[in-house]
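Following: one structure in structure tokens, then a few remarks.
Proteins come first, then strands; the chains are lettered A, B, ... in the order of their sequence lines, and each starts at number 1.
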Amino acid sequence: MDSRILIPPLTEDTIRLLKAGDFVTVQGTIYTARDAAHKRMVETIATGKPLPFDPAGQLIYYTGPCPGFGDHPIGSCGPTTSGRMDGYTVDLLKLGLKGMIGKGERSAEVREAMRKYQAVYLAAVGGAGAYLSRRVVKAEIVAYPDLGPEAIMKLEVVDFPCIVAIDAQGGNLYTEFNKGDK
Amino acid sequence: MRTINSKDITEAVKKAAIEANTLLPTDIYQALQEAYAKEQLPRAKHILEVLLENADLARQEGLALCQDTGLVVVNITFGQEVHVEGSLEEAVNEGIRRGYREGHFRASVVRHPFRRENTGDNTPCVIHTELVPGDGMQLTVFPKGAGSENMGRVAMLKPGAGEQGIIDFVIEAIEMAGGSPCPPLVVGVGVGGNLEVAPYLAKKALMRPLGKPGPHPELEHKLLELINRTGIGPQGLGGNTTALGVNLEVHPTHIASLPVAVNLGCHSTRRCTVEL
Ligand code: SF4
């Protein structure tokens, strides 16, 4: 499949070119965070302290991977359901986060903020954890090691495949095909 | 009376936990292949191809099929003539503990539902036992991810709602779930019993291999057709393959009740059954 290459940090000019349905591959650095890490980050923002990494221009990948072993820097690492992060996402978009990678639909509030702050939502294939782990060449914990699989990790990825599910103009593959998703 | 040593149970559960998480059951793999051959939408076809490649890689490399290696359900059919030396519950949990450590699987269980500290070894699992005549013992290890489990639903319908009521409820559950439970799905439906039996039946339905006949094949078939007509497709991104199969189980119920439960299994519906 033809796909556009995304190398964070991403600019608004790049974001504007992406349309729901496009295949993209991500190269370079992305950060993992899921439920517990989001809760802590948003609490940190509220106190005015700096986050463990600067979200400006970056992509957050919603995953809680299996541990690496042998010559695997990381174990299975597919996306988790993004909807659980909806309540935390707007605060990060305000700080310049340019995209999220996950699975499943986002809330109206997140979609609206994505338009306002120009960000994209990318779907990785849920449940393809073994397949996606082969696209990660390096994984390192950068914050909250006490959270175990929910710690924030910095991943180096090569040809990490995603589909643009919601673009910054409001184009949305889910509303096209799903009735029930909020 | 036949005596089974708890050490043998631990060993069997450990092996089953590793196998369940790394080898996609043959019936699911074949259903994915058939869906791949039939799917029309290029994006959906591509996703199905990725899922088949994922299963191949997991098998070859001993990697977990999915990082959500789940809260494990262990169903035990227990012969009445069997005596277990030691604690059955401890033996099963020790098997899960060892299997998850050796398999390098994620620890996904918290000790308390609102304090939420991770137990670190993916125990305890959920154990169901069914007593049967004889001196055999069969264990099914069923790791269940939360993405799909969280989308399950149960309703106490009015008996007058009948078959159509069941159909409407199942379709509604699938439409509400959209892409979150990782379609293509295996849909488990439990009908009858009472408030706790219907969801148990729905979970048990997911443990039945696709293609193995259940009590209501016509209704299963009809549901599958309707589900695939929703257009939700693989990952909720459109297509004809929303479900790979529907398994429905029934149980006697009260004259005034029609309990229905839906338990959604994702494309990574993993299970491994061992005999002792
Ligand atoms: S729903 Fe299934 S395939 Fe998807 S992430 Fe959860 S366990 Fe994995």
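Put simply, of A/Ser76, A/Gly129, A/Gly102, A/Gly148, the one with the most heavy-atom pairs under 4.5 Å next to chain B is A/Ser76. Comparing A/Ser133, A/Ala130, A/Pro149 by how many heavy-atom pairs each has under 4.5 Å with chain B, the most go to A/Ala130. When each of A/Ile163, A/Asp146, A/Thr63, A/Leu132 is scored by its heavy-atom pairs under 4.5 Å with chain B, the top score falls to A/Ile163. Chain B forms the most heavy-atom pairs under 4.5 Å with one residue out of A/Gly68, A/Gly75, A/Cys66, and that residue is A/Cys66. The candidate from B/Ile47, B/Asn150, B/Val50 with the greatest count of non-hydrogen atom pairs under 4.5 Å with chain A is B/Val50.
Proximity of A/Thr80 to B/Asp68: side-chain heavy atoms (C-beta onward) are nowhere separated by under 4.5 Å.
Residue A/Ser82: no heavy atom, backbone or side chain, is found under 4.5 Å from chain B. Proximity to chain A (any heavy atom under 4.5 Å) is restricted, for B/Leu65, to the backbone atoms N, CA, C and O. Only the side chain of A/Ala123 comes within contact range of chain B, judged by heavy atoms closer than 4.5 Å. Using a 4.5 Å cut-off between heavy atoms, B/Thr69 touches chain A through its side chain atoms alone. Contact of A/Pro65 with chain B is made through the backbone alone, with heavy-atom distances under 4.5 Å. In this structure, chain A has heavy atoms under 4.5 Å from both the backbone and the side chain of B/Ala64. Using a 4.5 Å cut-off between heavy atoms, B/His104 touches chain A through backbone and side chain atoms alike. When heavy atoms are compared at a cutoff of 4.5 Å, A/Leu147 does not approach chain B at all. Contact of B/Asn118 with chain A is made through the side chain alone, with heavy-atom distances under 4.5 Å. Heavy-atom distances place no part of A/Pro161 under 4.5 Å from chain B, backbone and side chain included.
With rounding to the nearest 0.5 Å, the separation of CZ in A/Arg84 from OG in B/Ser180 is 9.0 Å. Summarising the geometry, atom CZ belonging to A/Arg134 is positioned 10.5 Å from atom CD belonging to B/Glu53; distances are rounded to the nearest 0.5 Å.
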Take A/Leu173 and B/Arg43 through the test side chain to side chain contact (heavy atoms under 4.5 Å, CB included) and record every step on the way to the result. CA-CA 11 Å; A/Leu173 286 184; B/Arg43 182 166 53 233; 3.7 Å; yes
Give the intermediate values and the outcome of side chain to side chain contact (heavy atoms under 4.5 Å, CB included) for residues A/Phe69 and B/Leu63. CA-CA 10 Å; A/Phe69 61 98; B/Leu63 283 161; 4.0 Å; yes
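Judged purely by atom type and a 3.5 angstrom limit, B/Gln67 uses its side chain to pair as donor or acceptor with the backbone of A/Gly78.
Between B/Leu57 and A/Tyr131, the closest heavy-atom pair is CD1-CA, 3.7 Å. Considering every non-hydrogen atom in both B/Cys66 and A/Gly127, the closest pair reads SG-CA, 3.9 Å. The minimum heavy-atom distance between A/Tyr174 and B/Gly236, with the atom names listed, is CD2-O, 3.7 Å. Between A/Ala128 and B/Leu51, the shortest heavy-atom contact is CB-CD2, 4.3 Å. When every heavy atom of A/Thr81 is checked against every heavy atom of B/Gly147, the shortest pair comes out as OG1-CA, 3.9 Å.
Atom CD of B/Gln40 sits in a sparse spot, with 12 or fewer heavy atoms from other residues, nucleotides or ligands closer than 6.0 Å.
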